[in-house]
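Each ligand, and each atom within it, is numbered from 1 in the order the structure gives.
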Amino acid sequence: MKILVTGGAGYIGSHVVKLLLENSEHEITVLDNLVTGFQETIDALTVIANENSKTLNFIEEDLSCFDKIEVIMTEDHFDAIIHFAASLVVPESVENPLKYYLNNTANTANLIKCATQNDVKKFIFSSTAATYGEPDPALVNLETGLKESDPTEPINPYGMSKLMSERILQDTACAYPAFKYAALRYFNVAGSDPDGRIGQSTENATLLIKVAAEAATGKREKMYIFGEDYPTPDGTGIRDYIHVVDLAQAHIEALDYLEDHESDVFNVGYSRGFSVKEVIDTMKKVSSVDFTVEIKERRAGDPAILISDNTKIKNAMNWEPKYDDLEVICQTTLAWEKRLK
Ligand SMILES: NC(=O)c1ccc[n+]([C@@H]2O[C@H](COP(=O)([O-])OP(=O)(O)OC[C@H]3O[C@@H](n4cnc5c(N)ncnc54)[C@H](O)[C@@H]3O)[C@@H](O)[C@H]2O)c1
């Protein structure tokens with residue numbers, strides 16, 4: 001297959017591209033405007049491609065340039081698209097919602113339009129647990145995890161921009177039966193390639209494990225716990241942290257799945273959670289650094305527990321996680337952080 005990977009110079013996309021280059025015969029083209037992705041990542045992936053006697057095609061382009069995207073899609077005849085490119089900072093989405101509706105929803109709609117016009121058969125979409133919003137404990141079982149059929153009530157423009165894209169995919173697949181999609185709702189993504197060749201280089205990251213790794217490497221003086229009075233065993237919020245390589249593998253399985261199944265939405269997580277304190281303690285243990293942690297007030301919109309029910313993807317696909325271990329997630333995050341300047 002010829003596969004277009006948008007956002008392949010970014011954190012998660014680059015891990016998927018690496019797996020595709022190492023383990024498949026597909027021809028890969030990355031399209032990225034490098035707004036939060038890195039040329040160094042493309043360079044590292046190019047080396048990996050060469051080692052595997054392959055070529056990595058890279059197009060530096062912005063998805064909002066609709067005319068150019070149309071030309072690329074018409075000329076290149078892709079069989080599948082894996083669409084990572086997006087803006088993803090939740091507080092920024094509240095301050096600047098139009099940036100999110102334009103970059104995440106409008107650009108996705110245009111990409112889907114070009115896909116249907118050019119016979120693209122498979123579309124894998126990066127969705128998010130933010131589509132669920134702040135789940136109502138009266139309606140969902142937070143302990144066993146969120147199901148794909150649970151209510152989706154995003155509480156910020158980021159989550160809504162992704163939910164709208166899911167809806168556009170659903171309606172398009174109804175209208176164009178040859179077009180199939182899998183929307184993967186990622187939970188908290190962390191860790192990096194165990195080979196240490198790519199990782200998360202995102203600047204000003206707000207994700208807990210990355211922040212803890214920055215504190216452990218002295219890039220931050222201290223870090224904060226937001227809220228210590230949640231109804232959880234140690235009072236801090238519980239989240240479902242998934243290693244990026246397991247998440248990447250789910251995309252490969254989703255491509256196979258669409259070969260002979262219909263479009264669908266899947267959670268991708270481990271169906272178990274760790275508290276903020278457990279994560280920090282694990283990062284301190286693997287780094288042997290007792291960095292400073294301060295307690296602050298809860299942040300608005302942070303639910304006590306957010307974990308996935310991954311029964312659906314496990315039953316549907318051959319997806320078998322290999323890195324479901326908090327120490328490994330923290331170690332690989334830390335190893336990459338040490339390599340970054
Ligand atoms: N990181 C997480 O924890 C997480 C959780 C849930 C969902 N997601 C989703 O996963 C996807 C990838 O996230 P990530 O963490 O790898 O982020 P990232 O910022 O590292 O990667 C996004 C990539 O898309 C590119 N991009 C953005 N807008 C573009 C545009 N208009 N045209 C071309 N390229 C553009 C960026 O340059 C970057 O390389 C996103 O869609 C995000 O919403 C991420």
> Which of the atoms in ligand 1, numbered in the order shown and given with their element, are less than 4.0 Å from a heavy-atom of Thr128?
Replying inline: 6 (C), 7 (C)

> Do any nitrogen or oxygen atoms of Gln200 come within less than 3.5 Å of a nitrogen or oxygen of ligand 1?
Replying inline: no

>> Measuring only between side-chain heavy atoms, which start at C-beta, is Tyr181 closer than 4.5 Å to Ile124?
In response: no

> Would you say Phe187 contacts ligand 1, with heavy atoms under 4.0 Å as the rule?
Replying inline: yes

> Which of these, Tyr11, Tyr186, Tyr100, has its nearest heavy atom closest to atom 8 (N) of ligand 1?
Replying inline: Tyr186

>> Tell me whether Thr6 reaches ligand 1 (any heavy atom closer than 4.0 angstrom to a ligand atom).
In response: no

>> I want to check something: taking the side chain as every heavy atom from C-beta on, are Thr172 and Ile168 in contact at a cut-off of under 4.5 Å?
In response: yes

> Of all the atoms in ligand 1, which lie at a distance below 4.0 Å from a heavy atom belonging to Asn107?
Replying inline: 31 (N)

>> Closer than 4.0 Å to some heavy atom of Ser127 - which atoms of ligand 1 meet that?
In response: 6 (C), 7 (C)

>> Suppose we measure from atom 2 (C) of ligand 1 to each protein heavy atom; which comes out shortest, and what is that distance?
In response: Val189 CG2, 3.8 Å

> Taking NZ, NE, NH1 and NH2 as the nitrogens, is one of them in Arg299 or Asp302 under 4.0 Å from a carboxylate oxygen of the other?
Replying inline: yes

> Do the numbers put Arg298 on top of the ring of Phe226, so that NZ or CZ is under 6.0 Å from the six-membered ring centre and no more than 45° off the axis?
Replying inline: no

>> Nearest non-hydrogen contact with atom 22 (C) of ligand 1 belongs to which option: Thr36, Leu184, Thr131, Ile242?
In response: Thr36

> Where is the nearest protein heavy atom to atom 1 (N) of ligand 1: which residue, which atom, and how far?
Replying inline: Ile12 CD1, 3.7 Å

>> Which of the numbered atoms in ligand 1 are under 4.0 angstrom from any heavy atom belonging to Leu34?
In response: 37 (O)

> Nearest protein heavy-atom contact for atom 31 (N) of ligand 1: which residue, which atom, what distance?
Replying inline: Asn103 OD1, 2.7 Å

> Please state which protein non-hydrogen atom is closest to atom 23 (C) of ligand 1 and give its distance, to 0.1 Å?
Replying inline: Gly7 CA, 3.6 Å

> Does the side chain of Tyr11 come within less than 4.5 Å of Thr36's, by heavy atoms?
Replying inline: no

> Would one find an N or O of Leu63, backbone or side chain, under 3.5 Å from an N or O of ligand 1?
Replying inline: yes

> What residue and atom, counting heavy atoms only, is the protein's closest point to atom 43 (O) of ligand 1, and at what distance?
Replying inline: Tyr158 OH, 2.6 Å

> Can we call the ring centroids of Phe78 and His26 under 6.0 Å apart?
Replying inline: no

> Is the charged tip of Arg185 near the ring of Tyr132: under 6.0 Å from the six-membered ring centre and within 45° of its axis?
Replying inline: yes

> Asn267 and Ser308: side-chain donor and acceptor closer than 3.5 Å?
Replying inline: no

> In terms of side-chain geometry, is the basic nitrogen of Lys296 or Glu228 positioned less than 4.0 Å from the acidic oxygen of its partner?
Replying inline: no

>> Does ligand 1 come near enough to Asp62 that some N or O of the ligand is less than 3.5 Å from an N or O of the residue?
In response: yes

> Can you find a pair of side-chain heavy atoms, one from Lys314 and one from Pro321, that are under 4.5 Å apart?
Replying inline: yes

> Between Arg197 and Glu51, is the closest basic N to carboxylate O distance under 4.0 Å?
Replying inline: yes

>> Can you name the atoms of ligand 1, numbered from 1 with element, that are less than 4.0 Å from a heavy atom of Gly37?
In response: 36 (C), 37 (O), 38 (C), 39 (O)

> Between Val30, Asn33, Val16, which one has a non-hydrogen atom sitting closest to atom 34 (N) of ligand 1?
Replying inline: Asn33

> Is there side-chain contact between Phe187 and Arg239, with heavy atoms separated by less than 4.5 Å?
Replying inline: no

> Among protein heavy atoms, which sits nearest to atom 40 (C) of ligand 1, and what does the distance come to when rounded to 0.1 Å?
Replying inline: Phe84 O, 3.1 Å

>> Distance under 4.0 Å to a non-hydrogen atom of Ala9: what atoms of ligand 1 satisfy this?
In response: 39 (O)

>> Parallel, tilted or perpendicular: which one describes the rings of Phe123 and His83, with boundaries at 30° and 60°?
In response: perpendicular

> Measuring from the heavy atoms of Lys162, does anything fall under 4.0 Å of ligand 1?
Replying inline: yes

> Ala190 near ligand 1, heavy-atom distance under 4.0 Å?
Replying inline: no

> What protein heavy atom is closest to atom 37 (O) of ligand 1, reported as residue, atom name and distance in Å?
Replying inline: Asp32 OD1, 2.6 Å

> What residue and heavy atom of the protein are closest to atom 21 (O) of ligand 1, and at what distance?
Replying inline: Gly10 CA, 3.5 Å

> Can we call the ring centroids of Phe266 and Tyr257 under 6.0 Å apart?
Replying inline: yes

>> Need the ligand 1 atom indices (1-based, order shown) with element for anything under 4.0 Å from a heavy-atom of Glu61.
In response: 32 (N), 33 (C)

>> Using 30° and 60° as the class boundaries, would you call the ring planes of His251 and Tyr186 parallel, tilted or perpendicular?
In response: perpendicular

